[in-house]
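Reading through the structure tokens given below for one structure.
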Amino acid sequence: MILTGKEILKRLGSDIKIDPYDEKLLNPNSYNLRLHEDLLVYSEFPLDMKKPNPVQTLKIPEEGLLLEPGKLYLGRTIEFTETHNLVPMLEGRSSIGRLGMFVHITAGFGDVGFKGFWTLEIQVTHPLRVYSGVQICQIFYHTVEGEISEYKSGKYQANQGIQPSLLYKDFEKK
């Protein structure tokens, strides 16, 4: 089951943390998250799953930044979220999708216990100018049935910014 907006509000400070929180961003069954001004793009190709891949930081200026089709942009939310006893999920807003923008390729699913900024895997179908602070996606929460084990991965937990792929860590000998 998905939490209603009123239930999200009720659980703030206990099962749900959203920082900063703005009541104007609360929806009937989700909360809108905003795009931070920083983006990352991979700077050397081909990419290699077994190695860290170099990235370049782009800053979205006040007049916006033109995104190009065929390029992957990694962004992040302004909001830091933390979730306990629920599964956080992320989806693009329909207004964003109707402009031909995708905000996640595969990573719209969070784990119980995740805390951090959400890294967005942004692609556009045609050139599109974007602006920092835009309400880009929605977080919503599913209830969980059964015994809970919280997310504890060292790769992405408690991140402090945009996270490029850390898949290479899966190949490291333990």
Side-chain angles (χ1 to χ4, degrees), residues 1-40 58 60 64-65 67 69 71-126 128-153 155-166:
M1 301 190 26
I2 296 174
L3 297 189
T4 65
K6 289 179 182 179
E7 187 64 19
I8 292 169
L9 183 59
K10 191 187 311 181
R11 292 187 187 214
L12 278 177
S14 60
D15 291 338
I16 298 171
K17 177 180 179 181
I18 301 171
D19 185 30
Y21 176 81
D22 181 342
E23 67 183 45
K24 293 183 290 229
L25 303 179
L26 185 63
N27 300 311
N29 57 337
S30 65
Y31 182 87
N32 287 351
L33 299 176
R34 297 167 295 157
L35 180 63
H36 190 269
E37 67 183 356
D38 292 334
L39 298 174
L40 294 182
L58 305 176
I60 301 172
L65 180 70
L67 302 186
K71 198 169 192 176
L72 175 65
Y73 299 86
L74 298 176
R76 80 160 174 91
T77 59
I78 289 174
E79 294 79 9
F80 179 96
T81 71
E82 185 173 337
T83 308
H84 301 281
N85 305 310
L86 300 163
V87 176
M89 306 271 305
L90 202 68
E91 278 296 335
R93 294 181 58 225
S94 63
S95 296
I96 298 295
R98 292 171 195 196
L99 291 172
M101 182 179 195
F102 302 94
V103 298
H104 71 80
I105 297 170
T106 61
F109 184 85
D111 286 306
V112 175
F114 172 75
K115 60 181 172 182
F117 297 98
W118 288 79
T119 294
L120 307 173
E121 304 153 340
I122 300 170
Q123 285 191 317
V124 295
T125 58
H126 43 258
L128 178 66
R129 188 168 303 280
V130 298
Y131 302 88
S132 65
V134 67
Q135 297 174 42
I136 194 165
C137 60
Q138 307 171 81
I139 189 169
F140 59 102
Y141 301 91
H142 281 273
T143 56
V144 180
E145 186 174 324
E147 188 176 339
I148 293 172
S149 295
E150 289 205 344
Y151 177 73
K152 293 184 183 351
S153 169
K155 288 197 299 192
Y156 303 111
Q157 183 72 309
N159 67 64
Q160 294 301 307
I162 304 168
Q163 297 287 287
S165 176
L166 300 177

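Note on residues 95-123: no pairs pass salt bridge (charged side-chain N to carboxylate O under 4.0 Å, His left out), not counting sequence neighbours.
Not a single donor-acceptor pair under 3.5 Å links the side chain of Y131 to the backbone N or O of I60. A donor-acceptor contact shorter than 3.5 Å links the side chain of H126 to the backbone of L99.
We find the OG1-CG distance between T4 and L26 to be 8.5 Å, quoted to the nearest 0.5 Å. One finds the CG atom of N27 at 8.0 Å from the CD atom of Q135 (value rounded to the nearest 0.5 Å). Taking CG of L166 as the start and OG1 of T119 as the end, the distance is 9.0 Å to the nearest 0.5 Å. With values rounded to the nearest 0.5 angstrom, E91 atom CD is found 12.0 Å from L33 atom CG. Once rounded to the nearest 0.5 Å, the distance linking CZ of F140 with CG of L90 reads 8.0 Å. Here CZ of F102 is found 15.0 Å from SG of C137. Values are rounded to the nearest 0.5 Å.
Listed here is the closest heavy atom pair of L74 and P164: CD1-CA, 3.7 Å. Closest heavy-atom contact between G64 and R129: O-NH1, 3.6 Å. The two residues S30 and Q138 come nearest to each other via the heavy atoms OG-OE1, 2.8 Å. For the residue pair N29 and I8, the shortest heavy atom distance occurs at C-CD1, 4.2 Å.
For Y21 and Y31, the gap between ring centers is short of 6.0 Å.
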L67 and M101: CA distance, side-chain angles, deciding distance, side chain to side chain contact (heavy atoms under 4.5 Å, CB included) verdict: CA-CA 10 Å; L67 302 186; M101 182 179 195; 4.2 Å; yes
Steps toward side chain to side chain contact (heavy atoms under 4.5 Å, CB included) verdict (I16, L3): CA-CA 11 Å; I16 298 171; L3 297 189; 4.0 Å; yes
Verdict with reasoning, V130 to V124, per side chain to side chain contact (heavy atoms under 4.5 Å, CB included): CA-CA 10 Å; V130 298; V124 295; 5.6 Å; no
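Counting heavy atoms from C-beta outward, L58 and Y73 have side chains that approach closer than 4.5 Å. The closest side-chain heavy-atom distance from Q123 to L72 is below 4.5 Å. At least one side-chain heavy atom of L35 sits under 4.5 Å from a side-chain heavy atom of I122. By the 4.5 Å heavy-atom criterion applied to side chains, R76 and N159 are not counted as neighbours.
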Please tabulate, for side-chain N and O atoms in residues 77-89, each donor-acceptor pair with protein atoms closer than 3.5 Å (sequence neighbours left out).
residue, atom, partner, partner atom, Å
T77, OG1, E79, O, 2.7
T77, OG1, W118, N, 3.2
E79, OE1, R34, N, 2.9
E79, OE2, R34, NE, 2.6
E79, OE2, R34, NH2, 2.9
T81, OG1, W118, NE1, 2.9
E82, OE2, H84, NE2, 2.7
H84, ND1, E150, OE1, 3.2
H84, ND1, E150, OE2, 2.7
N85, ND2, D15, OD1, 2.9

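Applying the salt bridge (Lys or Arg N to Asp or Glu O under 4.0 Å) rule to E7 yields the partners K10, R11; only residues at least two apart in sequence or on another chain are considered.
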